[in-house]
Every structure is written in structure tokens, then in C-alpha cells.
Amino acid sequence: MSEDGRPGPATEVFVAHRNLLFTVAYEMLGSAADAEDVLQETWLKWAAVDLETVRDHRAYLVRITTRQALTRLRTLGRRKESYVGPWLPEPLLTAPDVAEDVVLADSLSMAVLLVLETLGPTERAVFVLREVFDLEYDEIAEAVDKTPAAVRQIAHRARQHVAARRPREVASPAETRAALEAFQRAVQTGDLQGLLDILAPDVVALGDGGGIKQAMPRPVVGADKVARLLLGGMSRFGPELTIEPAEVNGSPSLFLRLHGELDSVLAVRIDNGLVSGIYTVRNPHKLSHVHEETSVSR
């Protein structure tokens, strides 16, 4: 803070890039809480820098954030090994206009974040910085402590890996919303056939309760199994359970409320107009960032 009470130059630069830095950290970690911690660590390092020695403020901040996120990503990997049940990314309530940036919205989706979980830490960092934020290879090389040539190879491998596992086409918000409306209508009315009509034959359902809330202990695969499981769960709560649309991770999703309190966030993956993935987050520790919008950017 300067003598006149206004933010100093370091603070102004950091605040100007904060949303970008949060998004970088979140896409690398899949955890908003850990991304916020990374931003705190980034600020402490940034505040100690002599700004006159920094040619490109944005690149320098991204480099600090990436290095801090890589360190935390390795710690997070050890935590996930002892996690109870399937681990899902922490959902974010995002502004509707995020969907207008197709690349950003796709990279934030539950489906893609889960694919990124299958990459190693350095591969994930390289993929995110190159494919989402369009950084040059030499900038990425400095951030991950590799040569530009090595980064090119890593980026190529990561791109192939993700392409083989992500949805074949990016579903538009309108397509996702239509599928969700059909899905919601079927589960609320107990329409088994209506639900089967919107589910892909090989649909996979994952639930994250973190050992705190009851959830599917393992993935459930197949339209019939998933449909019957969903309808059975919904009927158990009856009118006490309400469903409402929401914008989560840049895509139409659903909030499930029990007795008026948020119980779960449900996101979907869409392939060829059908729901091929259902991701339900019930762990209350992961629901703190859906009560107000989180600003993301690239």
C-alpha cells in the first residue's frame, strides 16, 4: 500500500491478473480451495519481487503460479490415494458468459477436468498452459523447468492423451441444457423410459461424498443400472428434494436441494446429444464455491 492509501504497483498488477492466475491453478488442481492457497503463495513471492527487473508481469506471475501449483499437485495426488470413494473436481458457480468462451468453458468442464486427472503433473501443466492459455513453448519451459524442445514433446503426448479421452465434440450450452431438461423431467416424474432415452448406452455415473455423505462407492456403468439407481434415489426423498438449473464450470448443470439446503451439484458429459457421464458432488467441503460466482478468465 502506498503512502496515499492506494494499492501499490505490485498489488495493482496482481489484482489485474488474479482471475487468470486462479483459473490456471484451478485447472491444474481441480480444487478451488487449493487454487486459492496457491494464489496466496504466489502473492507472497510476487510481493518480494523487484518489478523493475520483470519484463513481462503476466508471464512472470503465471510462472510463479504454475510452480506453486505443481508442488501442491504432487501433495494433492497423495491425498487422493486415501480419498474415500471416487474423487471429483470441486465445482464452481460461473457466470453465464463463461460459456461464450468455448475453449475456456470446455477446459473447465467436469468431463475434461477428469481427463486431466489422468495426466502426470508436468504433462497437466504443459497441456493447460499451451492448449487453454496459449502460452509459447519457451514461456512454458521456464514455468516447468524443462527445455522448449522437451515441452513440445510433452505437449504433443498430452494432447494425444486428452484427445483420446475427452468428448468427441464440444456440446453447445443449448444442447447440454436440452439434455438436462429431459433428464430432470424424467427423474422428477419417475419416467424410466424417458430417462433411458436421454442416457447413452454406456453412460458412467460417479458420485463424490468424500466419506462424509453417502455416494456411489464406485462408478456405475450402463443406462439401465444408472437409470434405476437415479430413480430409486430420487423417489426415496420425494418432494423434499428439489432440482434447479445452475451454471457450473461454464456449463448448464443442476443443483439438488434437500429441505431447501444445497445437497449436491450434478454435472453431465454430453456425447452425440446423449448424457454419457453423470458427476454428482455431495462432499460438503467441495460445495463452498457454488454459493456465489467465481470469476475465471484466460
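Everything quoted here is computed from the prediction, not taken from an experiment.
Here the closest heavy-atom approach between residue Ile140 and residue Val126 is recorded as CG2-CG2, 3.9 Å. Minimum heavy-atom separation, Ala143 to Leu70: O-CD1, 4.5 Å. Pairing each heavy atom of Pro86 with each of Met216, the nearest pair is CD-O, 3.3 Å. Pairing each heavy atom of Phe183 with each of Leu195, the nearest pair is CD1-CD1, 3.6 Å. Residues Val98 and Gly250 approach most closely at CG1-CA, 3.9 Å, considering heavy atoms. The minimum heavy-atom distance linking Tyr137 with Arg152 is given by the pair CE1-NH1, 3.2 Å.
A distance-only check finds no donor-acceptor pair linking the side chain of Glu90 to the backbone of Gly30 [under 3.5 Å]. Listed for the Ser172 side chain is no donor-acceptor partner under 3.5 Å among the backbone atoms of Val170. For Asn283 (side chain) and His285 (main-chain N/O), a donor-acceptor pair under 3.5 Å exists by modelled atom type. Within the 3.5 Å criterion, the main-chain N or O of His259 finds no donor-acceptor partner in the side chain of Glu240. Under a 3.5 Å cut-off, the side chain of Ser251 and the backbone N or O of Glu247 do not form any donor-acceptor pair.
Between the CG atom in Asp138 and the OG1 atom in Thr147 there is a gap of 11.5 Å [rounded to 0.5 Å]. Atoms CD1 and CG, from Ile154 and Leu119 in turn, are 11.0 Å apart once rounded to the nearest 0.5 Å. Interatomic distance, Glu36 CD to Thr294 OG1, rounded to the nearest 0.5 Å: 7.5 Å. Here the CG atom belonging to Leu262 is positioned 6.0 Å from the CZ atom belonging to Phe255, to the nearest 0.5 angstrom. Rounding to the nearest 0.5 Å places CG of Leu21 at 9.0 Å from CG of Asn19. To the nearest 0.5 Å, atoms OG (Ser297) and CZ (Phe133) are separated by 7.5 Å.
Val112 places a side-chain heavy atom less than 4.5 Å from the side chain of Ser109. The shortest side-chain heavy-atom distance between Val268 and Tyr279 does not fall under the 4.5 Å cut-off. Within the 4.5 Å cutoff, the side chain of Leu116 has heavy atoms near those of the Phe127 side chain. Put simply, the side chain of Asp101 reaches to within 4.5 Å of the side chain of Val103, judged on heavy atoms. Under the 4.5 Å side-chain criterion, counting only non-hydrogen atoms from C-beta, Lys80 is in contact with Leu76. The side-chain heavy atoms of Val54 and Val49, taken from C-beta on, include a pair separated by under 4.5 Å. Residues Leu108 and Glu27 have side chains in contact (heavy-atom distance under 4.5 Å, counting atoms from C-beta outward). The side-chain heavy atoms of Thr42 and Val38, taken from C-beta on, include a pair separated by under 4.5 Å.
Under the 4.5 Å side-chain heavy-atom criterion for grouping Ile, Leu, Val, Met, Phe, Trp and Tyr, Leu113 is not connected to Leu88 through any hydrophobic cluster. At a threshold of 4.5 Å between side-chain heavy atoms, the hydrophobic network of Ile, Leu, Val, Met, Phe, Trp and Tyr places Val275 and Val221 in two separate groups. One hydrophobic cluster holds both Phe237 and Val226 under the rule that ILVMFWY side chains link at heavy-atom gaps under 4.5 Å. When hydrophobic clusters are built by joining Ile, Leu, Val, Met, Phe, Trp and Tyr residues whose side-chain heavy atoms come closer than 4.5 Å, directly or via intermediates, Leu254 is not grouped with Met110. When hydrophobic clusters are built by joining Ile, Leu, Val, Met, Phe, Trp and Tyr residues whose side-chain heavy atoms come closer than 4.5 Å, directly or via intermediates, Val115 is not grouped with Val203.
Applying the 6.0 Å contact sphere to CG of Asp197 captures more than 12 heavy atoms from other residues, nucleotides or ligands. The number of heavy atoms from other shown groups lying within 6.0 Å of CD (Glu293) is above 12. Heavy atoms of other residues, nucleotides or ligands lying less than 6.0 angstrom from CD of Gln214 number 12 at most. By the 6.0 Å contact criterion, CZ on Arg298 is enclosed, its count of non-hydrogen atoms from other residues, nucleotides or ligands being greater than 12. Taking a 6.0 Å sphere around OH of Tyr60, one finds it holds 12 or fewer heavy atoms contributed by other residues, nucleotides or ligands.
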Item to complete: With side-chain contact (heavy atoms from CB on, under 4.5 Å) as the test, would you mind laying out the steps for Leu256 and Leu241 before giving the verdict?
Response: CA-CA 7 Å; Leu256 280 63; Leu241 182 72; 4.2 Å; yes
Worksheet entry | Step-by-step salt bridge (Lys or Arg N to Asp or Glu O under 4.0 Å) determination, Asp106 to Arg166 | CA-CA 10 Å; Asp106 180 52; Arg166 74 192 310 168; 2.3 Å; yes
Practice prompt. Using the side-chain contact (heavy atoms from CB on, under 4.5 Å) rule, take Val24 and Leu20 through it: C-alpha gap first, then chi angles, then the decisive distance, then the call.
Written response: CA-CA 6 Å; Val24 169; Leu20 162 71; 4.3 Å; yes
Practice prompt. Take Asp271 and Arg269 through the test side-chain contact (heavy atoms from CB on, under 4.5 Å) and record every step on the way to the result.
Written response: CA-CA 7 Å; Asp271 279 297; Arg269 165 176 169 159; 2.7 Å; yes
Practice prompt. Could you give me the CA-CA distance, side-chain angles and deciding distance for Glu244 and Gln184, then say whether side-chain contact (heavy atoms from CB on, under 4.5 Å) is met?
Written response: CA-CA 9 Å; Glu244 63 186 52; Gln184 180 179 348; over 6 Å; no
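With respect to Arg63 and Asp56, no salt bridge is recorded, no charged nitrogen being found less than 4.0 Å from a carboxylate O. A salt bridge does not link Arg185 to Asp191: none of the charged side-chain nitrogens sits closer than 4.0 Å to a carboxylate oxygen. A salt bridge links Lys286 to Asp208: one of the charged nitrogens lies within less than 4.0 Å of a carboxylate oxygen. Salt bridge status for Lys213 with Asp263: present, with a side-chain N to carboxylate O gap under 4.0 Å. In summary, Glu139 and Arg55 do not engage in a salt bridge, as defined by a charged side-chain N under 4.0 Å from a carboxylate O.
Under the 30°/60° scheme for interplanar angles, the aromatic rings of Trp87 and Tyr83 are found to stand perpendicular.
Among Leu287, Val290, Leu266, Val248, the one residue that satisfies the side chain to side chain contact (heavy atoms under 4.5 Å, CB included) test with Val281 is Leu287.
Residues Trp46 and His17 keep their aromatic ring centres 6.0 Å or farther apart.
Counting only N and O atoms by type, the side chains of Glu123 and His161 include no donor and acceptor under 3.5 Å apart.
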